*Asks:* 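I'd like to ask you about the structure that follows.
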Amino acid sequence: MTYDFSDDEDSNPSGETTIRELIERRLSRRGVLAGLAGMALAGKAAQAQAGPSTFTFKEVPHSNDATHHVPDDYEVQVLIRWGDPVLPGGAPHDPSKQSASAQALQFGYNNDFLGIHPLPPGSTSNDRFLLVVNHEYTNTNLMFAGIGEGREARLRVDREQAAIEMAAHGGAVLEIAREGRQWKVVEGSRYARRIDANTSMRIGGPASGHAKMKTSADPTGAAVFGMFGNCAGGETPWGTWLTCEENVSFYFGGEAAKHPEPVLAARYGLGRTAYAWSRYADRFDLAKEPNEPHRFGWVVEIDPYDPAWQPAKRTALGRFAHEGAHHAVAKDGRVVCYMGDDSRGEYVYKFVTSKPWNPTDRAANRDLLDEGTLHVARFDEGGKMIWMPLVHGQGPLTAANGFADQGDVVIAARRAADLLKATPMDRPEDVEPNKVNGRVYVALTNNGSRKPEEVNPANPRARNDHGHILEITPGDGDHGSTEGTWDILLAAGRPGVDAGTSYNPAISAEGWLTCPDNVTFDSKGRLWIATDSGEVAGTADGLYACDLDGPGRALTRQFFVAPIGAEVCGPTLTPDDRTLFLAIQHPGEGKGSSYETPTTRWPDFKDGTPPRPSVIVITRKDGGVIGS
Ligand code: FEO
Ligand code: CA
Ligand code: CA
Ligand code: CA
């Protein structure tokens, strides 16, 4: 998410923005305007030299208008939009007749993570999948008429509108298929599913049944209703979906200082209420149910192939503002999940299962993620790094510091990582292993509040408004290793305008990016980067591609531009690289935009219809490989 709340919060105490910083920022913007004219000329020269890239698509220019843009020889199909029916009996989208019962059967709001699971299961299909989708949050001001603009709109909703919001969060499972060049959602699929803020789930792992997980509705501490704030995710080797709860603190009402555990509450950002849910449901009221927030901020495992299997919160993977959870397999067969805590100054984690996964017996992997070791990263000088285990009883993680058991460690994973002196990062988003080159890529989206005295080797820019991407090489080429080396692949921003940018010198005027968020790789192992917050550089968000090896390394090129206000999420390619799925989140978000007068009505462009977050499909008109 971008403009009006959420990721851009920090709970790792690092001080507030000072007046002086605000003045400096304003001055540097003026410098930006002066620099842009010169850059346009330099860029023209650079474009002619963009030869080293292995990508052959024609770059799309930076812009910021009501619609999306792709190269001329590509086409865009809208696969599904907020409010389209998903389940039997689902009503067609009608923004003037919304209800919670209708929304529960329809596609949710703000699609983020996308994952594709082949049909039939285990096949190498390129044209039939289960598509899993996260619905991260709601832009209430763009959903409902007469609610006004901005984040305050969320606090004005009535009971039914709050219930609609709850039903618009969570996730969806869709069966999708290609017929000729046309992709569509298969109607009446037995796999079709909506998961929302009230779906029944179980709690697995070391926090299951813990005293801090018990509420008046759930004295077992092992059952919970729903998930929300689900940003990115991943999948397991056995084909389940991992969906990650990120900015969950905004859904709870009340004061952190009055919480029975005020230090823990503050460390997890409670008290910055952005939704009205606590007015209508006691479980979101901190004064009434202080343990309810401990039951959110987890990685949730869902089996898209089995609608009857109850989703499980995998607490062994720790509690924080989870971006995603992408896996690799260690040399000994254990599964390694890489994860980022997306807030300013938070950490990069990985979880390693205790046991290897079983490729021949899917059921044997059912609760594999409940046992293992959570680690947090420390990035050192000289390109070295270590993964430090967060294990109760080891080092400072003892009762004397408030950790009576492993449940305490995972519930307060941020505090445990603080004590181990993990490296504070510039908002870790996707942390994703590359199956082709064996390295791991960490998208650090930005950190406008890092002060000069707070820089560290892996986060070297003070006031990092544009982010950077780290590249980790696991020790011995083994994802199970607790050592590794690291390098900075690129430092984002406008070359020649923003301080400290770093790309391949052949970058064109259209190739620079800002605020990397979700990443993916094509079958050749080349990197695709989706961005979130282009407006900090006066442009719309986009999708960029670059080589990771050879003369085109870090030579990013712009492939797609989103409509105004939208973030690009969930980039996913089919195994043959001929179909690209993107989640276009929060089109029309931003100051001055409302239901009545949105900055765009993408993708319908129909009077009276607000913008609709949608999943799109991009193909080449000749059916060729995307990006080539
Ligand atoms: Fe929801 Fe970290 O972006
Ligand atoms: Ca983001
Ligand atoms: Ca994200
Ligand atoms: Ca990704």
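Order of listing sets the numbers, starting from 1, for every ligand and every atom in it. All values derive from a computational prediction rather than experimental measurement.
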*Asks:* Honestly, is Arg283 close enough over Phe225, meaning NZ or CZ under 6.0 Å from the six-membered ring centre and within 45° of the axis?
*Replies:*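 No, Arg283 does not sit over the ring of Phe225.
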*Asks:* May I ask you to check whether Asp517 brings an N, O or S atom to under 2.8 Å from atom 2 (Fe) of ligand 1?
*Replies:*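 Here the distance criterion (N, O or S atom, under 2.8 Å) is not met by Asp517, so no.
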*Asks:* Of all N, O or S atoms in Glu323, which has the smallest distance to atom 2 (Fe) of ligand 1?
*Replies:*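 Considering only N, O and S atoms, Glu323 comes nearest to atom 2 (Fe) of ligand 1 through OE1.
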*Asks:* Residues in side chain to side chain contact (heavy atoms under 4.5 Å, CB included) with Pro304, at least two apart?
*Replies:*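 Side chain to side chain contact (heavy atoms under 4.5 Å, CB included) list for Pro304, sorted by chain: His117, Leu130, Val132, Val173, Trp241.
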*Asks:* Among the N/O/S atoms of Glu246, select the one at the shortest distance from atom 1 (Fe) of ligand 1 and name it.
*Replies:*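 Per the distance ranking, Glu246 contributes OE1 as its closest N/O/S atom to atom 1 (Fe) of ligand 1.
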*Asks:* Starting from atom 2 (Fe) of ligand 1, look over the N/O/S atoms of Glu429 and name the nearest one.
*Replies:*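 Sorting the N, O and S atoms of Glu429 by distance to atom 2 (Fe) of ligand 1 puts OE1 first.
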*Asks:* By atom name, which N, O or S atom of Asp342 is the nearest to atom 2 (Fe) of ligand 1?
*Replies:*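 Atom name returned: OD2.
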*Asks:* Which angle, to the nearest 10 degrees, do you find at the Ca ion (ligand 3) between OD1 in Asp517 and OE2 in Glu323?
*Replies:*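 My answer is 80°, to the nearest 10°.
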*Asks:* Looking at the rings of His294 and Tyr268, which for Trp means the six-membered one, are their centres under 6.0 Å apart?
*Replies:*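 Ring centres of Tyr268 and His294 not closer than 6.0 Å.
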*Asks:* For N/O/S atoms only: which one belongs to Glu429 and is nearest the Ca ion (ligand 3)?
*Replies:*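 Per the distance ranking, Glu429 contributes OE1 as its closest N/O/S atom to the Ca ion (ligand 3).
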*Asks:* Using a 4.5 Å cut-off on heavy atoms from C-beta on, say whether the side chain of Val185 contacts that of Phe107.
*Replies:*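 They are not in side-chain contact.
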*Asks:* So among Val60, Ile616, Leu580, which one has a side chain to side chain contact (heavy atoms under 4.5 Å, CB included) with Phe560?
*Replies:*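 For Phe560, the side chain to side chain contact (heavy atoms under 4.5 Å, CB included) test succeeds with only one of Val60, Ile616, Leu580, which is Ile616.
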*Asks:* Just by distance, no angles: are the side chains of Glu323 and Asn518 close enough, under 3.5 Å, to form a donor-acceptor pair?
*Replies:*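 Short answer, yes.
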*Asks:* If you have a sec, read the angle at atom 1 (Fe) of ligand 1 from Glu136 atom OE2 over to Cys231 atom SG, to 10 degrees.
*Replies:*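 Value, to the nearest 10 degrees: 90°.
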